[in-house]
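The structure appears right after this line, and notes come after that.
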Amino acid sequence: MARSISVKVPTAMLIQQIEERIAQIDAEVAEYPAKREAYEADLEKYRTDLAAFVADYLTNNANKVGYDYDSVIRLTERHYAGTQIELTFSTDAIADFPKRPTAPEAPNQRESFGREYTTRKELLQKNLRILKMTSQEEVNASTYGAIMEII
């Protein structure tokens with residue numbers, strides 16, 4: 001059976017960690033437009049590379065086209081509103097298939113923290129104000145753990 005431990009954490013250290021995280025969030029917000037612009041450029045290059053790769057791969061590997069679910073290139077015909085033909089490529093089976101760039105995560109987005117729907121920075125600023133008002137030199141480990149989940 002696990003036992004709980006009762007420890008205290010210096011309030012000044014916790015305040016410093018919160019201030020550092022707020023500064024980091026501000027830096028991420030400032031860097032986000034450049035990261036997003038680079039992602040858009042990478043995405044445009046990916047689309048061009050993907051079209052060229054698919055055309056070349058299809059030309060050189062026409063024998064791999066099939067109707068089965070495990071085909072490297074699967075052909076699907078649909079007859080809903082006219083005839084539609086769909087090609088599905090098994091990217092796991094094709095070693096050098098181009099990889100889609102990952103979009104940068106938008107910093108400081110609204111999210112749910114318990115019952116609150118707010119940004120991480122606003123919640124940290126709120127906790128920072130409270131910690132700066134206290135005269136206690138230490139906080140218990142459960143308070144520290146709750147704030148670490150936000151950070």
Side-chain angles (χ1 to χ4, degrees), residues 2 5 7 9-132 139-151:
I5 46 177
V7 295
V9 177
T11 305
M13 184 184 80
L14 185 56
I15 288 173
Q16 178 188 359
Q17 287 180 341
I18 292 173
E19 288 173 340
E20 288 172 359
R21 181 63 179 132
I22 289 172
Q24 182 184 4
I25 289 171
D26 289 339
E28 289 172 356
V29 167
E31 293 171 356
Y32 180 72
K35 286 182 179 180
R36 187 67 193 187
E37 192 173 302
Y39 166 72
E40 294 294 335
D42 290 346
L43 189 61
E44 190 60 38
K45 182 181 180 315
Y46 164 76
R47 288 179 182 140
T48 305
D49 292 348
L50 181 65
F53 178 83
V54 166
D56 183 53
Y57 192 83
L58 204 55
T59 303
N60 297 326
N61 297 287
N63 60 335
K64 294 182 180 179
V65 176
Y67 291 97
D68 299 326
Y69 284 101
D70 60 346
S71 297
V72 176
I73 305 170
R74 189 170 128 216
L75 184 65
T76 308
E77 293 182 40
R78 299 178 185 194
H79 303 286
Y80 299 133
T83 302
Q84 298 174 352
I85 297 176
E86 180 180 309
L87 288 172
T88 306
F89 290 81
S90 175
T91 57
D92 296 334
I94 303 171
D96 52 345
F97 200 86
K99 302 288 184 226
R100 182 183 182 99
T102 56
E105 188 174 316
N108 206 31
Q109 290 293 312
R110 289 195 170 284
E111 51 188 306
S112 293
F113 295 96
R115 291 180 287 161
E116 290 188 54
Y117 185 69
T118 184
T119 65
R120 197 170 290 268
K121 182 180 174 182
E122 289 172 355
L123 199 54
L124 287 171
Q125 288 172 332
K126 178 179 156 184
N127 286 310
L128 182 62
R129 281 192 303 273
I130 293 169
L131 286 171
K132 284 186 174 181
V139 295
N140 60 24
S142 62
T143 303
Y144 179 75
I147 292 178
M148 284 295 109
E149 287 179 13
I150 301 168
I151 290 180

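For the salt bridge (Lys or Arg N to Asp or Glu O under 4.0 Å) test with E28, the passing option among K35, R36, R21, R120 is R21; the others fail. Of the candidates K132, Q125, Q24, E19 forms a side chain to side chain donor-acceptor pair (under 3.5 Å) with just one, namely K132.
A 4.5 Å side-chain heavy-atom check between L50 and Y46 finds at least one atom pair inside the cut-off.
The minimum heavy-atom distance linking T102 with Y39 is given by the pair O-CD1, 3.4 Å. Between I73 and L58, the closest heavy-atom pair is CD1-CD1, 3.8 Å. Closest of all the heavy-atom pairs between Y32 and A106 is CE1-CA, 3.6 Å. When all heavy atoms are compared, the tightest approach of V72 to Y57 is CG1-OH, 3.7 Å.
Annotation: side chain to side chain contact (heavy atoms under 4.5 Å, CB included) contacts of E122 (sequence neighbours excluded): R110, T118, T119.
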Donor-acceptor pairs under 3.5 Å, side chain of residues 142-151 to any protein atom, not counting sequence neighbours: which ones?
from: S142; atom 1: OG; to: N140; atom 2: OD1; distance (Å): 3.0
from: T143; atom 1: OG1; to: N140; atom 2: OD1; distance (Å): 2.7
from: Y144; atom 1: OH; to: Q17; atom 2: OE1; distance (Å): 3.3

Below 3.5 Å, can you tabulate the donor-acceptor pairs from side chains in residues 91-101 to any protein atom, sequence neighbours excluded?
none

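Taking CD of E77 as the reference point, atom CD of E86 lies at 11.5 Å (rounded to 0.5 Å). Here CG of L128 is found 9.5 Å from CD1 of I130. Values are rounded to the nearest 0.5 Å. Rounding to the nearest 0.5 angstrom, the gap separating the OG1 atom in T76 from the OH atom in Y69 is 7.5 Å.
Around the CD atom of E40, the shell of radius 6.0 Å holds more than 12 heavy atoms that belong to other residues, nucleotides or ligands. Under a cut-off of 6.0 angstrom, the local environment of CD in E105 is sparse, with at most 12 non-hydrogen atoms contributed by other residues, nucleotides or ligands.
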Passes side chain to side chain contact (heavy atoms under 4.5 Å, CB included), L124 versus I25? Steps please.
CA-CA 10 Å; L124 287 171; I25 289 171; 4.0 Å; yes
